[in-house]
Amino acid sequence: MKISRPRGTRDFLPENTQLRRFVENRMRDVVSRWGYHEIITPTFENLELFTLKSGEGVTGEIYNFSDKGDRELALRPELTAPVMRMYVNEMQATPRPLKLFYFENCFRYERPQKGRFREFWQFGVETIGSSRPDADAEVIALAAEMVESVGIKGDLHVGHLGIIRHILKELEAEQQTKIMRFVDKKDDTGLDDYLEQINASIELRNELFELVSITGEDAIEKARQIVGDIEELQIFEELIQILDAYNVEYSVDFGIARGLDYYTGMVFEIYASNLGAQNQICGGGSYQLIQLFGGGDVPSTGFGLGFDRIMEICELEPEQKKEVVLVATDDTRLDAIGIARELRRDVPVYLDIMQRNFKGQLSHANNIGARYVVIVGKREMEAGKVTLKDMESGEQHQLTVEDAREHILKGEM
RNA sequence: GCCGGGGUAGGGUAGCGGUUAUCCUGUAGCCCUGUGGAGGCUACGAUCUGAGUUCGAUUCUCGGUCCCGGCCCCA
């Protein structure tokens with residue numbers, strides 16, 4: 001009987017894995033150069049960690065289970081909450097701000113479709129301890145650079161929840177949430193109907209529609225005409241100035257609502273084309289979660305990148321390793337191991353373990369696309385040398401092991 | 001949770017009521033025990049699953065499951 005993969009999971013074959021690691025390392029390079037440090041949290045947590053902050057619908061997608069001690073656990077559906085939990089548990093006395101990143105798999109019980117799986121990878125960044133627009137801008141600029149670093153042209157939208165909330169502040173919390181949902185979905189007719197239903201004032205309606213449709217260079221000015229010179233707008237303006245200094249391309253979009261309610265101020269999203277319905281590759285903003293988990297009143301800003309979606313559209317190609325196949329005969333098999341050990345100091349060496357004959361080894365080298373073959377035969381051993389063969393041109397020379405190694409490293413013959 | 005389209009060797013496919021289930025590719029080996037890629041030969045290897053209809057199902061019907069896409073959702 002054949003056992004298949006669980007639904008929504010994937011196997012990554014060598015070629016694909018190599019590409020994934022390559023892309024991952026590109027992004028890792030970027031965050032490291034920005035002074036962020038990697039952390040690892042557990043694959044599973046107490047279920048409560050994830051149910052505490054989220055609303056209905058969300059909890060239904062958690063992979064949860066009880067263990068043999070009847071503890072209610074859950075495979076992490078995301079990493080922001082675990083990171084905040086970690087901060088509260090053991091990093092509260094660390095000098096602020098903290099600049100952290102992670103690259104881990106997450107699990108959600110959802111219907112798989114393009115760019116969406118039950119096990120997926122998230123690359124994320126969190127800064128903890130600064131409520132300044134400087135932190136927000138840095139995080140946005142970092143996200144933009146990471147996306148760019150893997151050759152993706154993303155469409156970055158930046159907004160601020162404080163501004164739309166200012167318009168809605170007279171309404172009940174529940175009504176605000178509903179409105180934000182419509183705004184986030186860009187569902188204007190649904191929004192209009194809802195405003196009608198709750199008897200919203202004409203002013204509010206006009207302001208709201210105007211605000212979410214603002215675009216262009218003078219977005220801040222336009223917003224100011226609608227909501228007045230409120231504090232949130234000043235902060236947002238400062239953020240925009242810093243973003244300009246980073247030389248990041250973006251559009252102001254007050255219609256970003258980010259679905260959930262724990263975001264407090266700045267919010268942003270990055271979209272990519274060619275991804276069907278799941279075109280968002282990155283989302284983030286500033287939030288307050290630490291108090292919820294029993295810590296102090298510490299502001300944070302962060303984002304998560306959907307790594308699998310990035311892989312879906314990423315066109316990078318990793319540099320091909322110059323793999324060398326060592327070909328030996330029966331009587332030189334043991335000598336070959338010694339030579340392999342020398343070469344392996346800096347080139348990947350493939351050694352036969354099938355006791356294939358000479359021809360078979362060469363043929364296999366050809367099949368796996370080896371660039372070079374190093375022949376270790378009786379004749380070579382007697383001369384104290386090896387034969388280096390270029391599989392593309394067929395050219396070959398007898399050289400010392402050291403010379404062969406240098407030729408291979410330089411990629412020449 | 002809802003709506004479409006699909007599942008035949010490892011990969012790609014043909015057959016659409018009765019076949020030894022087709023072909024290509026792959027892998028292993030031989031022809032060929034110190035020189036790969038071509039060719040020939042041999043071996044390996046498949047009807048997603050369960051029920052029903054039928055003398056007979058890979059083929060038709062229904063359920064399940066998995067894949068692909070869309071809706072909902074998306075921390």
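The shown structure was predicted, so the numbers you read here are calculated from the model rather than taken from an experiment. Below, all heavy atoms of this structure are taken into account, side chains as well, without hydrogens, waters or symmetry copies. Every chain is numbered from 1 and lettered A, B, ... according to where its sequence line falls, protein lines coming before strand lines.
With A/Phe120 as the aromatic partner, A/Arg108 does not meet the cation-pi criteria of under 6.0 angstrom to the ring centre and within 45 degrees of the ring axis. Under the 6.0 Å distance and 45° angle rule, A/Arg118 counts as a cation-pi partner of A/Tyr109.
As rounded to the nearest Å, B/rU53 and B/rC60 have C1' atoms that lie 8 Å from one another. For the C1' atoms, the distance linking B/rG6 with B/rA43 amounts to 33 Å, nearest Å. Rounded to the nearest Å, the gap between the P atom of B/rC55 and that of B/rC44 is 37 Å. With C1' as the reference atom, B/rU58 and B/rG17 are 10 Å apart, rounded to whole Å. Rounded to whole Å, the separation between the C1' atoms of B/rC30 and B/rC23 comes to 24 Å. Atom C1' of B/rC16 sits at a distance of 48 Å from the matching atom of B/rA75, rounded to the whole Å. B/rG52 and B/rU13 have their C1' atoms separated by 30 Å, with the value rounded to a whole Å. For B/rC67 and B/rA28, the P atoms lie 30 Å apart once the distance is rounded to whole Å.
In this structure, A/Arg7 places its CZ atom 8 Å from P of B/rU65, rounding to the nearest Å. Here the P atom of nucleotide B/rC67 and the CZ atom of A/Phe117 are 10 Å apart, to the nearest Å. Distance, A/Asp184 CG to B/rC72 P: 12 Å, rounded to whole Å. If you take CZ of A/Phe358 and P of B/rG36, they are 9 Å apart, rounded to a whole angstrom. In this entry the distance linking CG of A/Asn367 with C1' of B/rU35 reads 14 Å, nearest Å. Rounding to whole angstrom units, CZ of residue A/Arg10 and P of B/rC67 are separated by 11 Å. For A/Arg116 and B/rC68, the CZ to P distance is 13 Å, given to the nearest whole Å. Separating the NZ atom of A/Lys389 from the C1' atom of B/rG36 is a distance of 7 Å, rounded to the nearest angstrom.
Within 4.0 Å (heavy atoms only), A/Gly394 reaches at least one base atom of the nucleic acid. Residue A/Glu380 is in base contact, counting any heavy-atom pair closer than 4.0 Å across all strands shown. No engagement by A/Leu79 is indicated, since no non-hydrogen atom pair under 4.0 Å with the nucleic acid exists. Counting non-hydrogen atoms under 4.0 angstrom, A/Gln361 reaches nothing in the nucleic acid. A/Arg356 comes within 4.0 angstrom of sugar-phosphate atoms only, judged by non-hydrogen atoms across all strands, and of no base. Residue A/Gly369 is out of contact with every strand shown, counting any heavy-atom pair closer than 4.0 Å. Within the nucleic acid shown, A/Arg5 has no heavy atom closer than 4.0 Å to any nucleic acid atom. Within the nucleic acid shown, A/Ser4 has no heavy atom closer than 4.0 Å to any nucleic acid atom.
Using Watson-Crick or G-U wobble geometry with both donor-acceptor distances under 3.5 Å, B/rU42 finds its partner in B/rA28. Across all strands shown, B/rC72 has no partner, as no Watson-Crick or G-U wobble contact with both distances under 3.5 Å is found. Base pairing annotation: B/rC60 forms a Watson-Crick or G-U wobble pair with B/rG52, both donor-acceptor distances under 3.5 Å. With both pairing distances under 3.5 Å, B/rA21 is matched to nothing as a Watson-Crick or G-U wobble pair. Across all strands shown, B/rU47 has no partner, as no Watson-Crick or G-U wobble contact with both distances under 3.5 Å is found. Using Watson-Crick or G-U wobble geometry with both donor-acceptor distances under 3.5 Å, B/rC66 finds its partner in B/rG6.
Distance from the side chain of A/His364 is smallest to B/rA28 among B/rG36, B/rG70, B/rA28. Candidate nucleotides B/rG37, B/rA75, B/rU35 were compared by shortest atom distance to the side chain of A/Gln396, and B/rU35 ranks first. Picking from B/rG70, B/rC74, B/rG36 the nucleotide with the shortest atom distance to the side chain of A/Met391 gives B/rG36. The side chain of A/Arg111 lies closest to B/rC71 when the candidates are B/rC74, B/rC71, B/rG34.
Sequence order on RNA chain B of the closest nucleotides to A/Glu78 and A/Met354 puts A/Met354 first from the 5' end. Comparing A/Arg118 and A/Lys185 by the nucleotide of RNA chain B whose heavy atom lies nearest to each, the residue mapping closer to the 5' end is A/Arg118.
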Decide ring-ring contact (aromatic ring centres under 6.0 Å, His included) for A/Trp121 and A/Tyr102; before the verdict, give the C-alpha distance in whole Å, the side-chain angles of both, and the deciding distance to 0.1 Å. CA-CA 10 Å; A/Trp121 273 259; A/Tyr102 51 80; over 10 Å; no

Set out, in order, the CA-CA distance, both residues' side-chain angles and the distance that settles side chain to side chain donor-acceptor pair (under 3.5 Å) for A/Tyr271 and A/Glu269, then state yes or no. CA-CA 7 Å; A/Tyr271 315 98; A/Glu269 293 180 342; 2.4 Å; yes

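More than 12 heavy atoms of other residues, nucleotides or ligands shown are found within 6.0 angstrom of CD on A/Glu402.
In summary, the side chains of A/Asn105 and A/Arg76 do present a donor paired with an acceptor at a separation below 3.5 Å, with no hydrogens or angles considered.
Looking at A/Val349 and A/Glu323, their side chains never come closer than 4.5 Å, going by heavy atoms from C-beta outward.
Checking the phosphate oxygens (OP1, OP2) of B/rG70, a side-chain nitrogen or oxygen of A/Gln113 falls inside 4.0 Å. The phosphate of B/rG36 has OP1 or OP2 within less than 4.0 Å of a side-chain N or O from A/Lys359. Look at A/Arg181 and you'll find a side-chain N or O under 4.0 angstrom from OP1 or OP2 of B/rC74.
Atoms CG and CG, on A/Asn64 and A/Leu47 in that order, are 5.0 Å from each other to the nearest 0.5 Å.
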